[in-house]
Amino acid sequence: MSQILNQARDVLTQKLDGGVFDGSAKFSIAGEGALILDSEGVRISDEPADVTLSATAEVFEDILAGTQNPTSAFMSGKLLVEGDMGLAMRLAGFLS
């Protein structure tokens, strides 16, 4: 498994902080793989989800570190979103 995926899983788990995410989101990291965030938590997986966010490892690292706003990344084309846009907007608040 990728070190980047493991780190991203750990950071997302901390951001979830025992809470439950309503829906499912896939974080597809170019050249690394994918993570799923849903009501069961965060896991490394490439299964289908309600919304898929795709970007480079650098963009995801910046979003998770809080140095890149997810909405700005989307608006500038650094972050691609496919699927439920309402869920993606709720997810942006969770990531901030």
Side-chain angles (χ1 to χ4, degrees):
M1 267 185 247
S2 162
Q3 180 179 353
I4 291 172
L5 288 176
N6 287 327
Q7 289 174 340
R9 180 192 58 214
D10 294 345
V11 170
L12 286 170
T13 299
Q14 289 175 351
K15 286 184 178 281
L16 190 57
D17 193 28
V20 175
F21 186 72
D22 181 28
S24 62
K26 181 191 303 189
F27 297 87
S28 180
I29 303 172
E32 299 294 332
L35 296 158
I36 296 290
L37 169 64
D38 61 16
S39 62
E40 296 178 19
V42 183
R43 65 189 172 283
I44 297 171
S45 176
D46 195 19
E47 64 197 64
D50 298 328
V51 64
T52 299
L53 293 86
S54 302
T56 64
E58 181 181 1
V59 170
F60 274 119
E61 287 173 343
D62 290 347
I63 289 171
L64 294 176
T67 58
Q68 171 70 63
N69 179 285
T71 303
S72 296
F74 171 72
M75 297 300 279
S76 66
K78 293 178 182 178
L79 177 67
L80 302 177
V81 178
E82 295 179 39
D84 187 335
M85 288 302 287
L87 187 59
M89 290 172 60
R90 288 198 319 257
L91 189 59
F94 163 76
L95 293 174
S96 298

Pairs of donor and acceptor atoms involving the side chains of residues 48-58, under 3.5 Å and at least two apart or interchain, shall be tabulated with distances.
| from | atom 1 | to | atom 2 | distance (Å) |
| --- | --- | --- | --- | --- |
| Asp50 | OD2 | Ser24 | N | 3.0 |
| Asp50 | OD2 | Ser24 | OG | 3.4 |
| Thr56 | OG1 | Val59 | N | 3.2 |

Can you list, pair by pair, the side-chain donor-acceptor contacts under 3.5 Å of residues 74-89, counting residues two or more places apart and other chains?
| from | atom 1 | to | atom 2 | distance (Å) |
| --- | --- | --- | --- | --- |
| Ser76 | OG | Ser72 | O | 3.0 |
| Ser76 | OG | Ala73 | O | 3.2 |
| Asp84 | OD1 | Gly86 | N | 3.0 |
| Asp84 | OD1 | Leu87 | N | 2.9 |

Please set out all donor-acceptor pairs under 3.5 angstrom arising from side-chain atoms of residues 25-34, sequence neighbours excluded.
| from | atom 1 | to | atom 2 | distance (Å) |
| --- | --- | --- | --- | --- |
| Lys26 | NZ | Asp46 | O | 3.4 |
| Lys26 | NZ | Asp46 | OD1 | 3.0 |
| Lys26 | NZ | Glu47 | O | 3.3 |
| Glu32 | OE1 | Ser2 | OG | 2.4 |

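A donor-acceptor pair is defined here as one N or O able to donate and one able to accept, closer than 3.5 Å; no such pair exists between the side chain of Arg90 and the backbone of Gly23.
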Evaluate side-chain contact (heavy atoms from CB on, under 4.5 Å) for Val11 paired with Glu61, printing each intermediate quantity in order. CA-CA 10 Å; Val11 170; Glu61 287 173 343; over 6 Å; no
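Separation of atoms CZ (Arg9) and CG (Leu64) is listed at 13.0 Å; rounding is to 0.5 Å. The distance from the CG atom of Leu12 to the CG atom of Leu5 is 10.5 Å, given to the nearest 0.5 Å.
Cluster membership check: Val42 shares its hydrophobic cluster with Phe60, using side-chain heavy-atom separations under 4.5 Å among Ile, Leu, Val, Met, Phe, Trp and Tyr.
Nearest heavy atoms, Ile63 versus Pro70: CG2-CG, 3.9 Å. Listed here is the closest heavy atom pair of Ala8 and Leu35: CB-CD1, 3.4 Å.
The shortest side-chain heavy-atom distance between Ile44 and Asn6 falls under the 4.5 Å cut-off.
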